[in-house]
Amino acid sequence: MQVTPRSVARALLLASPAVVVLLWFGVPQARQPAVAPVPPAGAAAPTAPGGAAVPDPAAQVAAIRPRLPEHAEQVVEYRISVRLDPTAKEVKGRERLTWRNPSGDAVPDLWFHLYLNAFKNSKSTFFKGSGGQLRGDRMPENGWGFVDIVSMKLADGTDLTKAYTFEAPDDGNADDRTVIRVPLPSAVPPGGSVTLDIEFVSKLPRVFARTGFKDDFYLVAQWFPKIGVYEPAGTRGRETGGWNCHQFHPNSEFYADFGRFEVEFTVPASFVVGATGERTARRENGDGTVTYTYVQADVHDFAWTADPNYVEQRHRFSATEDVTAEEYRQVAALLDRSDREVRLTDVEIILLLHPRHVSQAPRYLDAAKLGIKWFGLWYGRYPYKTLTVVDPAPGAGGAGGMEYPTFITGGTSFVLGQWPFNRIRAPEGVTVHEFGHQFWYGLVANNEFEEAWLDEGFNSYSTGKIMEIGYGRDTALVDFLGLRVGAVDVIRAQNAGGRYRYDTVRQPSWSYTPGSYSFYSYTKPEILLRTLEGLLGEQTMARVMRTYHERWRFRHPNSDDFYAVANEVSGQDLTWFFEQAVEGTQALDYEIASVGTRRVAKASGYLEDGGKRSLVPQEKAGDEGEGTGPFESRILVRRRGEFVAPVEIAVKFAGAAPERVNWDGHDRSKRLTFNRPGRLEWAEVDPDRTLVLDTNWLNNAQRVEPDTRVARGVATRWLFWMQQLVAGAGW
Amino acid sequence: MVTTALARGFSVARREWRLAVVLWLCGLALALVATLPAYRYLSAATASSPSADVLLQGVDVAVLAEMTAVDAGRGWLVLFATVAGLALLARIANAFFLGGIIEVLAGRRRAVAPATADPAPPAPAREAIAGRVTEFEADGLRAHEQPVPAGDLGIEREPTAATMLAGAAVAPIESPLAPVVIARREPLHPLPGAPTRRLEMVSRDDRPVMHRFFRGAGRFFLRNLVMLVLNTVLLALLAGLLFVLGRAVTKPLEDTLSVSLAWLRALLPLALGGIGAWFALMVYDYACVRLVTEDNRRPVRTWLSAIGFTARRFFPAAALWLLPGLLLAVAAVVLLAPTAGIPATTGAVLLVFVVQQLFTLARAWLRAAVVASEIEFAAAHGFITPPAA
C-alpha cells in the first residue's frame, strides 16, 4: 500500500499531542470487547524461570525446514503490446493471455479486474468510498480514467466481447465497472488452459491513488485487463474452488496469480522509461517513437513508467561487497540455516529520478541496498535481477510510495535534500517499505483485499526493524534538530490509549471503520508482531518469519497459515495470542496501580515470652514509615484492558538489585506484598517492554517517592518558550 | 542616517538598561502564568512514572501521546488554551508595553556639543556652550540648525519631551529628540575663551524607570490599542496579499526541473509575506513613537501617517532592524546552542535556566535599542516633533 513522504509525515504528526487529541475526540466510545481465549491460567512469562516446558525450536525447525522455492507455478502468461498516446493520455493495444487452470475443477468462466474503471466516474465503488480523496491526496478535477475492452476473443477466434458482464461481488454496486465475468463456451478442464486475445484502451487518470499521469510523467499501473485468482479447494481455507476477484476499493490493493509477463510498449523517443522486469529489447520505429520490451517471470503484476525528464542511474547491489562474511554467518546462525541458504545474489538497481531530486540519489540507493540486504538475509534472497526505483515528478505524489513486482515508486521533495530536512528519513522509509513489499505482497502473495495485514503489517514490522538497523533505533525515522523518532515511537503513539478497538486486524480492507484501515493493516500488525517477538524472543521470531516466508513464497497464504507456522516453529500454541491480537478487539494495558512501603511495626500489646506476659505499647502514629527496616511493601498490579497476556513484574528495593516475579494476567489485578530490609523504590510491569501492544507504557511503572525532575526540566524549557512568545508578540 | 540612528539608539538603550530589565520581568511574569499549569500537569503526569524519564533526554513522541491519551487530551487542551491565551494577551499587552518603552526612551535627554573631550558634570541651570544649535519654532514645529557661538544660554529643565518646547527654545544638539538643554531665547553674549562643554546625559526626568515605564504604558495604552487593532488588520492583509502574489508570480516555476528555482518557488511567497508583516510591524512602531512623543489624541491619523512615513523610507527603516536581528541570532547561537546537549541534572537545569534568561534579557535590550533607533530615525526625518506649548 501507499506510503508516501506525506503519509510518513502524517504518521509523525499523529504522534504530536495536538493531533492525538483531535483523533481522540473524533473516536466514539469503546464498545465491550468480545471474549476471546486467553493463555492458560498460571502460565509463566516466557522468560520466567521454571516456565512451561517448551520443545527446542531449533530441533523442530530442523525437522520441518522447507526449501526456499526458486520459481513460482506459472498460472498466467501475458503478452502485451501497447502504444502510449501522450496527447490523449491513452494506452492502446492488445494482450494475449494464457490462463492455466490450477485446480481440479472444470472452470466455466473467467473473471477479470478492470481496475482503471475505478476512476471512470463518481458511481464507482472506489470513488464512492474515497470521495475523490485517498490518504491525503485529492483526485484532480476531471481526472477521470477508464479501461475499455474493445474486443475479446478466444485463440480460435470465438468472440467473447459481447458475452462478459460486470459484477459487483463485494457491494452489489451495479454501476461499478471494475470486475467482469466472462462465460466460456466450454469449461477449462483441470490442468487445462485457455488463451484469449484482448484488445483494450486505457485512458489514464490524472495521477491519483497509485496510477496516472501528470504532464509528461506517466505511472502506468493497474492498466490492463487482469485475470482474477482461481483458488482451488484448500487454498486459504477454501472448501471449494472458485474465483477470487474483488472490486477495486479505496483501501484495498491487489491479489493475482503468478506467471510470466512479456510487455512491449511504444513511447515517444524522448521518453526515459522503466518497468517491471528486465529490458530485453529497444527498437527505434523511425517515426519518433521507440518500442521497449520487458520480460519477467514469477511475478503477478506489471507496471511501467515514462517521463522525458527522468535522470536514469544504474547501480549494483553486490552480494559479496554489500554484505560481509560475518553478517552471512550471523544471520545463518540466527536462522539456523546454512551459509548457502542465506547467500544473496547481485541485483541491478535502476533509479529513475526527477532532476530536482538527483542529489538524493544516494539516499534512494542506500535505502534500496539496505532493503535488498536485510529482507534477503532474513526471509530469503531477492529472486529477481533488477529493481527499478521510481522517483515521481513533483505534484505526482499520488503515484508515490507504491509497489509492483521489481518496481517501486518512492517519493521525496527537494526540501528533504537540504540540511536539516535531510534528517527526516521519508525517502529512505518509503523506499525500504516499498521494497519490502517485494517479499510480502510480491513473493508471499497474500490476498490484500481480504487480509491486508499479511502484507502491510508484516512489511511494516520488517521495515521498522530494518530502518532501525540502517539509521539507529532511536532515530530510525527522524533525527531533526534534536527531535528523534524511532519506529516504535510512532506505532506506540498511534496505539496510545487504545483508541482503535472496534475492528479486528483480520477483516476485508473495505470493511474497517472509516479512517482506521491504516491502523489495522499497518500499525497494529507491526505492534502485534513486535509483541510476538517479545514473547518468543528474537531468534525464534526470526525463524518463524523465515519459515513462513520460505514455505509460502510464490503461494497464497492466509492468516491461519501464518499461525500454523508460528505454532510449529515456536513449539507453542499461540492461539490465545492470535485470537486476541489479530482476530479480536481487545486492548492490552497493564499498570502498576499503586505502590506503598512502610516499616514493619514492632509487635505490641500483651505479648507472651517464656510464660511471661508483658505489655508493649504501640508505636506512636507516624512512626511506621520511619527508621530502619524491615519494610512491608505492597504493590497493586492491574490489567486494565481485556487482552490477557502473561507478564513480568520488576520490583526494586533500596540497597538491593531488582527482583522479578511472574503473573499470568488472568485476574483483573494482583496484589504483591514483600517484606524486605529496604524500602520499595519502584515497581514496573513488563520491564523489558515486550508487550508493545500495551496501549500505555506510561503507567507500567510507579515510584514510591515522586520525582519531579522531568517536570522541572520540561517546565524550564516551556517557560523559556513562553517568554519568547511574550517577547515576540508583546514587545 | 541609519548608522547614526542606530548608534544613538544603542547608546540610549545602553544608558536605559533598566528598561530591558523591566521588560524581562514583565515577560517573565506573563510567561509564568502559562508555565505554572504546565508544571502542575507535567508533575502529575510524570513524577511517579519512571517511564517518563526519557523526557529528560528530549522530546519523546510516544510518551507525549500516552500522556495525552491518559486524560483524553484534556491536559494538553488546557495547555494549548493557555498558550493561545498568552499569545493573545501578549499581543494586547504590546500596546501597553510599547507606550512604556517609548516613554522611557524618548524621555531621555542629552545634549552633545561637538568638539568636546571631557565629560562634564550634570548641566547646571545655566551653562555656557557653543556649537551647532538647532532652533525650534514652537508654532510650526519645524527645526533648523544654525551655528551659535559660545555664549550664555539660559537652560531650563523640562520633564518630558511633551513639554520640551514650552516657549521658543533652542536646543544645542544634533537630534531634536535628545535635547537636554532647552534654551530660552536670550541674547547670546559670546564669552571669549569660554570652554566648550559637553553636557553628559542629563535626564530631564529623574523619576525611576519603572515609574516612567508604567506611566507611559498606562497613559498611551488605549490609543496604542486602537492602532494595534488597525495594524493587525493591515498585517494580515498585507502579508496575505503579498504571499498570494508571490505564489502567483512563481506559479510558472511549479514544475521546474531546477532545484534553485524550486527553492525560489517555495521561499519567495514566504519572503514577500514576511516583508509585508515586517512593514506592518514597523508602521506600528512609528505610529506609537509619534503618538507617544507628541502625546496626540489622534491614533487613526497618526497610524495613517506612519504608513506613509514607513512606505517612503522602507529600506532604511528596515535596515534599523538588521543589526539587532543579527545580534539576536548571535546571542541565540552563543547562549542557547551550547545548552542543547546538556543532560537534565538539577544543576544543568539551573544552568540552562540562567542562560535562557540571559538570552531573554539580551532580547529585551535589543528591542529597546531598536525602538530607540526608530525614535532617532523618526526624529531625524521630522516625523515626530514635540507638541506645541
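Protein chains get the first letters and strands the later ones, always in sequence-line order, with residue 1 at the start of each. What you see below is based on every heavy atom in this structure, not just the backbone, and it leaves out hydrogens, waters and symmetry mates.
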For [X], enumerate each residue passing the salt bridge (charged side-chain N to carboxylate O under 4.0 Å, His left out) test, keeping only those at least two apart in sequence or located in another chain.
X      : value
B:D285 : B:R367
A:E684 : A:R689
A:R473 : A:E468

Using modelled atom types only, decide if a donor and an acceptor are shared between the side chain of [X] and the backbone of [Y] within a distance under 3.5 Å.
X      : Y      : answer
A:D479 : A:R423 : no
A:T531 : A:V692 : yes
B:E66  : A:W697 : yes
A:N422 : A:L416 : no

At a heavy-atom separation under 4.5 Å, does [X] approach chain B through its side chain, its backbone, both, or neither?
X      : result
A:Q418 : side chain
A:S359 : neither
A:D474 : neither
A:V415 : both
A:N309 : side chain

Heavy-atom distances under 4.5 Å only: say whether [X] touches chain A with side chain, backbone, both or neither.
X      : answer
B:I92  : neither
B:A44  : neither
B:L336 : side chain
B:A52  : both

Taking atom types as modelled and ignoring hydrogens, do the side chains of [X] and [Y] form a donor-acceptor contact shorter than 3.5 angstrom?
X      : Y      : value
B:R363 : A:Q723 : no
B:W76  : B:T68  : yes
B:S48  : A:Q702 : no

> With chain B, which of A:V726, A:T716, A:L719 has the greatest number of heavy-atom pairs at distances under 4.5 Å?
Replying inline: A:L719

> Using a cut-off of under 4.5 Å for heavy-atom pairs, which of A:L698, A:V595, A:N696, A:V488 has the most such pairs with chain B?
Replying inline: A:L698

With a 4.5 Å cut-off on heavy-atom pairs, point out which of [options] contacts chain A the most.
options                    : value
B:L98, B:L30, B:L86        : B:L86
B:A45, B:G27, B:A90        : B:A90
B:V59, B:L42, B:L261       : B:L42
B:A38, B:P50, B:A34        : B:P50
B:L36, B:L28, B:V54, B:L89 : B:L28
B:F359, B:F96, B:Y41       : B:F359

What closest approach, in Å, do [X] and [Y] show between heavy atoms, and which atom pair accounts for it?
X      : Y      : value
B:F213 : B:C26  : CE2-SG, 4.2 Å
A:P420 : A:F480 : O-CD1, 3.3 Å
B:V209 : B:V104 : O-CG2, 4.0 Å

>> Suppose a student defines contact as a heavy atom less than 4.5 Å from any heavy atom of chain A. Which residues in residues 253-260 of chain B would they list?
In response: B:L253, B:E254, B:D255, B:T256, B:L257, B:S258, B:V259

>> So B:E374 and B:Y286, do their side chains get closer than 4.5 Å, heavy atoms only?
In response: yes

